[in-house]
Amino acid sequence: MKNTTLKLCGMSCASCARNVEKVISSVNGVKKCIVNFGAELTTVEYDPKKTDVTAIQQAIEKAGYSAYPLQEQNPTAEHLEAEKIRQSKETNELTRKVIIASALSGIIVIGSIPMMTGLHVPFIPMWLHDPWLQLILTIPIQFWCGFSFYNNAWKALKHRTATMDTLVVLGTSVAFIYSLFPTFFSSFFISQGFKPDVYYEAAAVIITLILVGRLLENRAKTQTGEAIRKLIGLQAKTARLIRKGQEIDIPIEEVQIGDIILVRPGEKIPVDGEVIDGTSSVDESMVTGESIPIKKQPGDEVIGATINKTGSFKFQAKRVGKDTVIAQIVKLVQQAQGSKAPIQRLADSVTEWFVPAVIVIALLTFIVWFNVIGNLSLALITTVGVLIIACPCALGLATPTSIMVGTGKGAEHGILIKGAESLELAHKIKTIVLDKTGTITEGKPTVTDFITIDGTANNNEIKLLQLAASLERNSEHPIAEAVVRYAQTQNVNTQNVETENFASLTGSGVQGIVDKHLIQIGTQIWMEELSIKTKVLEKEKERLEYLGKTVICIAVDGHIKGIMGISDAVKPTSSQAIKALQKLSLEVVMLTGDNYRTATTIAREVGIKCVLAEVRPEQKADTIKKLQNKGKIVAMVGDGINDAPALAQADVGIAIGTGTDIAIAASDITLISGDLQGVVTAIQLSKATIRNIRQNLFFAFIYNVAGIPIAAGILFPIFGWLLNPIIAGAAMAFSSVSVLTNALRLRNFCPKVIV
């Protein structure tokens with residue numbers, strides 16, 4: 001299966017989004033399709049053996065819309081500029097139509113005041129009352145300014161569907177066509193006892209107001225996508241390469257893996273790489289959210305789009321184009337903004353039948369008023385009012401706009417949220433399960449103690465360290481790296497020692513043949529499974545574990561020869577973050593493969609009461625499942641390969657961004673900075689976003705539930721109140737704008753500091 005994200009054009013309301021979703025889903029080979037009306041994006045999962053992007057685009061075009069793939073390569077400032085130009089053209093076209101429609105409809109309304117109020121207004125010239133003049137002024141509004149409504153309604157009709165444009169066309173056309181008869185046959189109306197009233201002002205003003213609403217929507221949607229534009233705008237445009245001793249500036253798109261790049265103070269780092277010469281401090285706040293500049297020296301990684309602060313340095317490009325961290329962040333944010341939250345299903349189910357239901361209600365309204373009262377004008381006004389006020393746009397915008405702003409705000413704080421479902425679910429979390437190494441602790445273990453059964457006699461300690469480090473040199477585990485680093489500090493040579501039959505047993509240890517000896521290094525539990533006795537060093541082991549150190553055993557040819565005490569410092573912010581989570585009424589659990597004594601010492605230091613220790617990697621997912629079986633919504637926070645199954649099993653998987661790619665791929669939320677405070681911020685953001693969505697849905701539902709009956713004239717028999725179609729049009733435009741404005745309030749989100 002493959003995934004693609006397409007930018008959609010031509011959608012005017014939530015009903016359009018539902019139609020596009022149905023069309024794409026009907027394409028043979030498409031497994032899943034999500035259309036986001038607010039973001040104007042669709043994410044499609046399809047079988048490349050059965051269909052392709054071109055076929056999907058053709059299906060969308062046949063339905064009367066258009067689509068183009070988002071740039072899959074590295075997004076550039078040029079791509080950003082092209083998108084802004086496209087949006088600017090749309091906005092300028094709408095602005096031009098709004099200005100012309102407003103000017104013409106203003107004249108029409110002034111001329112209609114005597115008819116609407118029943119009063120003679122001396123300062124309004126008689127010729128402005130003329131129906132023929134009003135007809136001439138209305139035609140360009142109805143058929144030029146409002147052409148898009150007719151065009152979209154016709155496309156929907158061809159596919160046997162109805163959209164918001166259908167309602168607008170029906171409402172304004174009824175008012176316009178009815179007005180033609182009194183204009184051409186006024187004497188006939190008078191002879192039949194009807195007043196020859198015209199409603200050109202209703203048709204003209206309704207179209208004008210809806211265009212104003214769409215112009216405001218267009219501008220608001222541009223603001224909701226600000227996060228993407230900011231991220232793309234962070235990138236450097238050029239890179240200063242060193243080739244054959246010469247410095248040359250080239251476009252960032254031409255940088256290749258392996259190129260040597262020079263970065264001077266104040267410049268942006270163009271791509272991801274590794275420092276090979278020089279030292280500096282780099283401001284990574286735009287990517288990680290960490291405000292303090294990070295010191296960089298040879299061997300350290302640098303991230304593209306971050307800013308070099310102090311010294312100059314050279315680095316080798318490791319990731320370019322779509323593989324850079326910033327490009328991946330942009331891709332994840334785009335995917336998240338194009339996703340659909342479960343809470344939106346209610347709005348989707350309503351919009352599916354909404355437009356047809358409104359048409360039926362409008363017909364019934366006309367029939368009832370015309371038959372009961374016999375007043376054609378009253379029947380016409382109420383019918384047009386129902387058609388115009390019943391706009392499902394607010395319902396369609398309620399969720400996606402909040403999701404777009406929320407996920408964008410998360411990216412600003414170094415929190416990558418892969419989908420709307422994760423953002424919604426995060427506020428329901430009851431239990432947070434934290435991995436120890438690399439999550440609560442720094443993940444950079446250091447050997448602090450090395451104890452052998454023979455002490456230092458006959459250089460046995462040096463020899464054992466050489467054997468152990470030679471074996472661990474073949475592993476990428478952090479503990480293995482700690483052992484190798486310790487050997488280097490002791491000036492132990494491991495380069496000329498051969499290792500054979502190396503094997504790594506995840507969660508247990510490593511083994512292999514070193515210098516013709518079987519060397520096994522790992523946990524005490526594993527040693528006991530191998531029938532290797534460890535009691536000879538039991539007291540030393542207990543002492544180290546009491547101090548919160550991880551202990552690994554070293555066996556040579558089936559006999560225990562020594563142990564190492566390994567310390568992993570707790571992150572400075574872990575204790576504060578865990579207290580904040582607990583104050584949010586969340587149950588915090590530590591889950592680790594380390595021994596119970598060491599785990600409880602670390603847990604006590606950071607304030608965690610529930611500890612699940614000595615849990616193997618394959619058991620971690622089962623542990624999460626057991627917690628879920630108790631009815632708990634569980635989040636798992638981890639950083640290692642062995643955490644990936646548990647991250648996938650959890651209701652919300654949260655990966656530490658400084659961890660492995662596999663853990664990040666298996667998670668729903670990624671904390672780029674690796675700081676546990678990001679978990680607190682993610683939960684606060686989730687709560688703020690869901691609260692915002694609920695407000696939007698409330699406004700949208702209340703608006704339609706109250707608006708349609710009032711437009712139908714339910715208050716007329718009691719209070720004599722009748723909703724003018726012009727007011728209905730203004731209310732419809734206001735409903736969408738109010739929802740968008742409320743969603744944009746999320747841009748002011750700032751995480752609360754919980755002390």
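Quick note: residue numbers are just sequence positions, from 1.
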Write down the atom of [X], the atom of [Y], and the distance for their closest heavy-atom approach.
X      : Y      : answer
Val263 : Pro270 : CG2-CD, 4.3 Å
Glu301 : Arg319 : OE1-NH2, 4.2 Å
Asp283 : Thr306 : O-CB, 3.4 Å
Lys571 : Thr441 : CE-O, 3.1 Å
Val615 : Leu612 : CG2-O, 3.8 Å
Gly558 : Ile532 : O-CG1, 3.7 Å

Lys428 and Asp651: CA distance, side-chain angles, deciding distance, salt bridge (Lys or Arg N to Asp or Glu O under 4.0 Å) verdict | CA-CA 10 Å; Lys428 298 179 182 178; Asp651 297 290; over 6 Å; no

Does any donor atom in the side chain of [X] or [Y] lie under 3.5 Å from an acceptor atom in the other side chain?
X      : Y      : answer
Gln297 : Thr279 : no
Thr324 : Asp272 : no
Glu587 : Thr431 : yes

Side-chain ion pair, [X] and [Y], N-O less than 4.0 Å:
X      : Y      : answer
Lys539 : Glu542 : no
Lys318 : Asp259 : no
Glu538 : Lys535 : no

Can you tell which of Asp568, Thr601, Asp449 makes a side chain to side chain donor-acceptor pair (under 3.5 Å) with Lys549?
-> Asp449

Can you tell if the side chain of Glu267 reaches within under 4.5 Å of the side chain of Arg264, non-hydrogen atoms only?
-> yes

Side chain to side chain, Ile415 and Thr681, heavy atoms closer than 4.5 Å |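 Side-chain contact under 4.5 Å: yes.
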
Return yes when atom NZ of Lys632 has more than 12 non-hydrogen atoms of other residues, nucleotides or ligands closer than 6.0 Å, and no otherwise.
-> yes

